[in-house]
Amino acid sequence: MENKYKPRELEKKWQKIWEDSGIFKVTEDLNRKKYYLLEMFPYPSGKIHMGHVRNYTIGDVVARYKRMNGYNVLHPMGWDSFGMPAENAAIDHKIHPATWTNENIAYMRKQLKEMGFSYDWDRELSTCEPEYYRWEQLFFLWMYEKGLAYKKSSIVNWCRDCKTVLANEQVEAGLCWRCSKEVEEKYLDQWFFRITDYVDELLEYCDKLPGWPERVITMQKNWIGKSFGCEIHFPMAEGNDVIKVFTTRQDTVYGATFMLAAAELPLVMEMAKGKPVEKEVREFVDKVKKQDKLMRTSEYYDKEGIFLDAYCLNPVTKKRMPIFAANFVVAEYGTGCVMAVPTHDQRDFEFAKKYNLPLIVVIQPPNKSLNVHTMTEAYMEEGMLINSGQFNGMENMKALDAIAEYLESMGRGKKTIQYRLRDWGISRQRYWGAPIPIIYCDKCGTMPVPETDLPVVLPRDVELTGEGGSPLGKYKAFAETQCPKCGSAAKRETDTMDTFVESSWYFDRFCSPQCAEKPGLDRKKVGYWMPVDQYIGGIEHAILHLLYSRFYTKMLRDFGVLDFDEPFINLLTQGMVCKETAHCKEHGYLFPEEVKDDKCKHCEAAVTIGKSEKMSKSLKNVVDPDYLIKQYGADTARMFCLFAAPPEKDLEWSDQGVEGSFRFLNRAWRIVMDYRDDVEGVKSAGGGETLEGELKNLRRKTHQTIRKVTRDIEDRFHFNTAISAVMELVNALYLIERPAQEDKVARSVIRETIETVIILLAPIVPHVTAELWKALGYEGSLADVPWPAYDHEVAAEEEITIVIQVNGKVRSRMVVPVDEDGEKIKALALNDEKIVSLISGKKVVREIYVPRKLVNIVVQ
RNA sequence: GCCUGGGUGGCGGAAUUGGUAGACGCAAGGGACUUAAAAUCCCUCGAUACCUAGUAUCGUGCCGGUUCGACUCCGGCCCUAGGCACCA
C-alpha cells in the first residue's frame, strides 16, 4: 500500500467490495432490534444536488451508526419517478418521459453509489413502474368503494403554463409553485380523496408525535385549522329561505347589522335576479372573479360590496339586515356567508363605514366606553356584553356557550366545528402519472376497473405535443374501452393521479418491494419494519407530503393492511444548503467559474457578491457533487456537509471549508500510516496497564472522545461537534512524543487511540476508515465492528480546575483533585493569593461552592 | 397582522441542567523544515487600555428584571428566515 491518501482509488475499491459482498442487504430477523431509517426519496430530475448529498449523508451516518450498535437496519432508496418535468422534457426535447426518467435514474443511482451510501439496493423501487402503481390503483378502488375517493365538479387552481390543476398546497401566494405563473380558476370534474374524514385523528395525533419538530407540528395544525364556533340561521325577511353562516363569535350576534355573501356564490345572482340591481350585481360579480385571479399576489385590495336589494332578519334582535355581496368573503370557508358585526370586527367596521351601515356596540371594554359615532376601529378585545338581551352583564367569552345553546333552543343554530383543510384533489390532466382505474359507461355510469384487470398500464406510445388537454384523452387505444359490466363501448378516465399519492405509501412498499401478492404489501414484513424509526428530509414537505402520508397510513390501517397509526416516529428536517451569489450587471447571475478576481469573466465588470441563498440553478450558486467527488472524494464531501453546521440548520457552503475537511482526512490518514509499523502486532490497550503522564492523558482523552461522540450522535444528531471531538483527539495524538520501540504499553495505548479514531469516524467517512482499518491488519468489515463503549474510570478526570469568583466575576483558578472536599476547596479559595488581595478589608457575606465547577465569594 | 425558528469573533459554529463565553474548523499572522515554493509540523489569534511580560475594563441584537452568578430564565423592543394570512 502506498502511503498517500488517494480518495478516488480507495473509494471505488470499497464501493465495489460493499456491492459484491452485499453487506447492506437486510432481511427480517426477529431476534434483533430493527431500525428503519428513511430519507425522502428523490425525484429523478437529472443529477443529484448538494441538498440530496446533505440529506442522504445525514441518513447514512445514522444508519451506519445504528448498524454498529447492533441494530438490524433497513435503509432503502428509490425514485419518485412520476411527475411533470419528465413530460416537459418530452415536449421540449422529443424524448419519451420514460426514457428521460430512466436515464436520469441510472445516472443518479451511479452518483449515490459513488457517495458510498449504505443502501440495500435490492429494494430499489421506481414509482412509475406498473409493479408499483398497480397497488395504488387497487387502493383507489377500495377508496372508491368506501366513498373515500369521489368525484365532484369544482373550481380548481389552473396553471396556464403547466396546463394542469394544482392542489391548494401547490399554490404559493397565488402563483404556481413550479413555474410561478399566476394561477387561474377553472371548473372541472375532479377526483378527490376524503382526507377530511380523518381530520380529527390527524389533528389529535399531532400531539402524539413527540419525535417531530415542534414547528412541523405547528404547521400541520395550522393547515388543518380547526375552529370551534356556531352555525347561525338568519331567516330571509320575505319568504321561507334561510341564510346559514358559520361564526366563532356568536357572542356578538346581537351586534350583527348586515349580512355578507361571497360574490362567487350562486346565491348572490339568485337574490338579485329580476331586480333593478341585477345588471349592476352581475358586473360586480364578474369584476370580483377577475380580481380573484390576482388576489393573493397583490396587496389587500379595498373591501368592496354591493347591496342585493334583499334583507334577512337577525334571529335574536329581529332587526332587518341588508344583504351584500362582498369581495373579501371566502366562498370555500364555512358557508360562504358571514354575519357582519361592524363594532367588533375590523373588516366589517371598514365595510360599514364605507357603505354607511348601522353599528351596535355589544361588548363593553373594562376601562372605557365605546361610542358608535366616535369609534375609529372595531373593538376586538374581551369585555362585558351589553345590548344583548338576557346576556347583558356576562363576560363575552363566557357567553359563547350560553348564546350557542340559546340559538339552538330557538332552532336558529347549533354549535359546530370548521376546518381549513379541504379534501385532496388528485386529478391531473397529465400523461406522466398513474392512471385512475375508472371507466365511464353511458349505460352503467361510473364503473371501477375490476381488480382482476389491474394494473391499468400507462401506454407508452402517446404523442406529447404540449397542447392543452389530456394527452391520454386523445389516445384512442387507451381511452376507448368496454364497460366491465355490460360490455358496451365506454371511456376510460384519462386523468392521472397527483404524484403525492405515490409518495404517501412508498415507505411501506420498501418493506416488501417485490411483493406481487395483493395488496402489494407483505403484512409480516411491513409489520416487522414499520413504522419508520427515523425519517429525514427537507422542511418544504412539512405540510403536503407528511400530511398525506399520515392520512394514507390511517386509511390503509382501516383497510386492514397496516396495524399502526402513524408512519414516522421521529422526523428530522434538515436545513437548506446555501451559498453566496455572484451577480454581474451585464450578464446576470454568474457561476463561480465565471468570476475571476471579483470580476466578470465575460466583461471584466465588477461582480456584486450577494447574500447567501439556497443553492439553485437560477441563482447559479450551485456546487456540483460530481466535481467534489472527483476533486476530493466522497468522504470529504460527506465530512464537510456534517461538519459545517448541525443538520437542522442551514448549511453555509464554503470552498475553503471543504479544503479544511480534506486536510483533516489527510491528517488522520498520515498519523495512522505513520504509526502503522509501531502498532503492528500490538494489542489495543484494554485496561490493566498502569499509565501515567501523557499516555494516561491520551487514554483518558480517547475514552472521553468515545463518550462525547456517542452522546452527540445518539442524543441529538450533532455530527459537527462529534467531528470536532475526534479532531481534538487527532490533535492530541500529534502532540504525543513518539514512544520507543520496546515500549509495548505505550504502543498499545496509541493503537487504542488510532482504532478509536477510525471507528468513531467510520459512519461519517466510511471509505477512508475502511482502508485504514485494513492497514491496521484487520480483515473483517469495519461497518460491522461494534461501536465502542467508554470506560467510566478511564474517562474520569483526576484533577479539575475550579474557578474562583468574587461577586460573580472570575478572578482566579485553581487545580484540585477531583474528589477534593468542598470545605477544603472553599478554604483554598479564600487563601488564594489573588483573592486575598481582592477581598482584604471587605466582609465576606457568602461563599457558594458549586461542586466540580466554582467557588463564588460574595463580599461587601 | 398572527404562529414558529434564529441573532455569539473577520467567517462557519461550540458552550448538553443557570456556573471558566468563543471548543473545533476556516481565514489571518509568526516560526520550523526546504536552495526555493507547495505541502507538512508547531505557535498566536474577541475588543480596548497600559511602562504590551501580565493585568484591568468591556463583550453573546437592544432596554430592563430575577439571581451570589444569565448566551441560557422572565418582561418589552429591534432585526432576520420560514409558515399562515380578509378563515368570520
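Note that these values count all heavy atoms, side chains included, but never hydrogens, waters or copies made by symmetry. In the text below, chain A, chain B and the rest are named by the order of the sequence lines, each starting its count at 1.
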Of all the choices, [options], which nucleotide is nearest to the side chain of [X] once you look at every atom?
X	options	value
A:T801	B:C58, B:A14, B:U20	B:U20
A:A645	B:C87, B:U57, B:G13	B:G13
A:R667	B:A88, B:C41, B:A56	B:C41
A:V803	B:C24, B:U20, B:U57	B:U20

Short side-chain N/O contact to [N] OP1/OP2 from [X], under 4.0 Å:
X	N	answer
A:R852	B:G19	no
A:R663	B:C26	yes
A:Y333	B:A88	yes
A:R420	B:A85	yes
A:N731	B:A23	no
A:K834	B:U55	yes
A:N222	B:C2	no
A:R670	B:C41	yes
A:R215	B:G5	no
A:K4	B:U40	no

When rounded to the nearest Å, what value does the distance between [atom1] atoms of [N] and [M] take?
N	M	atom1	result
B:A23	B:G46	C1'	15 Å
B:A32	B:A38	P	14 Å
B:U66	B:C74	P	16 Å
B:G9	B:U44	C1'	15 Å
B:U67	B:G6	P	27 Å
B:G25	B:G19	P	25 Å
B:A14	B:C87	C1'	44 Å
B:C63	B:G13	P	25 Å

Taking atom [atom2] of [N] as reference, at what distance in whole Å does atom [atom1] of [X] sit?
X	N	atom1	atom2	result
A:E659	B:C11	CD	P	21 Å
A:F640	B:G25	CZ	P	15 Å
A:L260	B:C87	CG	P	12 Å
A:E231	B:A88	CD	P	15 Å
A:F258	B:A88	CZ	P	17 Å
A:E652	B:G10	CD	P	17 Å
A:F719	B:A23	CZ	P	23 Å
A:I848	B:U67	CD1	C1'	9 Å

Is a salt bridge present between [X] and [Y], judged by a nitrogen-to-oxygen distance below 4.0 Å?
X	Y	value
A:D674	A:R738	yes
A:D832	A:R813	no
A:K708	A:E728	no
A:E797	A:R700	yes
A:E823	A:K826	yes
A:D348	A:R249	no

Could you tell me whether [X] contacts a base, only the sugar-phosphate backbone, or nothing, with contacts defined as non-hydrogen atoms closer than 4.0 Å?
X	answer
A:K221	nothing
A:T218	sugar-phosphate
A:V329	base
A:P213	nothing
A:F664	nothing
A:D345	nothing
A:Q805	base
A:V858	sugar-phosphate
A:V810	sugar-phosphate
A:G660	sugar-phosphate

Spacing of A:L546 atom CG and A:Y548 atom OH [to the nearest 0.5 Å]: 11.5 Å
So how far is it from A:I217 CD1 to A:N222 CG, rounded to the nearest 0.5 Å?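 With rounding to 0.5 Å, CD1 (A:I217) is 11.5 Å from CG (A:N222).
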Does anything in residues 705-717 of chain A reach RNA chain B, meaning a heavy atom under 4.0 Å, and if so which residues? A:K708, A:D712, A:R716
Side-chain heavy-atom pair A:E304, A:F351 within 4.5 angstrom cut-off: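 Sidechains of A:F351 and A:E304: no contact.
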Using a 6.0 Å cut-off, check whether atom NZ of A:K354 has over 12 heavy atoms from anything other than its own residue. yes
Taking the chi torsion of B:G9, is it syn (within 90° of 0) or anti (everything else)? syn
Before giving the answer on side chain to side chain donor-acceptor pair (under 3.5 Å), spell out for A:R846 and A:N856 the whole-Å C-alpha distance, their side-chain angles and the decisive distance to 0.1 Å. CA-CA 8 Å; A:R846 218 172 137 184; A:N856 188 11; over 6 Å; no
Closest-nucleotide ordering on RNA chain B, the 5'-leading residue of A:V338 and A:V216: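 Final value for this comparison: A:V216.
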Nearest-nucleotide comparison on RNA chain B, the residue closer to the 5′ end among A:E214 and A:S654: A:E214
Worked check of ring-ring contact (aromatic ring centres under 6.0 Å, His included) between A:F640 and A:W653: CA-CA 9 Å; A:F640 177 74; A:W653 195 265; 4.9 Å; yes
Is there a donor-acceptor contact under 3.5 Å from the side chain of A:Q220 to the main chain of A:A542? yes
Using a 3.5 Å limit on both pairing distances, list the dot-bracket string of RNA chain B from the 5' end; Watson-Crick and G-U wobble pairs count, crossing pairs take [ ], interstrand pairs take |. (((((((..(((......[....))).(((((.......))))).(((((...)))))..(((((..]....))))))))))))....
So does A:K303 reach the base of B:C86 with its side chain, donor to acceptor, closer than 3.5 Å? yes
Aromatic ring pairing A:Y5/A:W669, orientation class (parallel under 30°, perpendicular over 60°, tilted between):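 Ring orientation, 0 to 90° scale: tilted.
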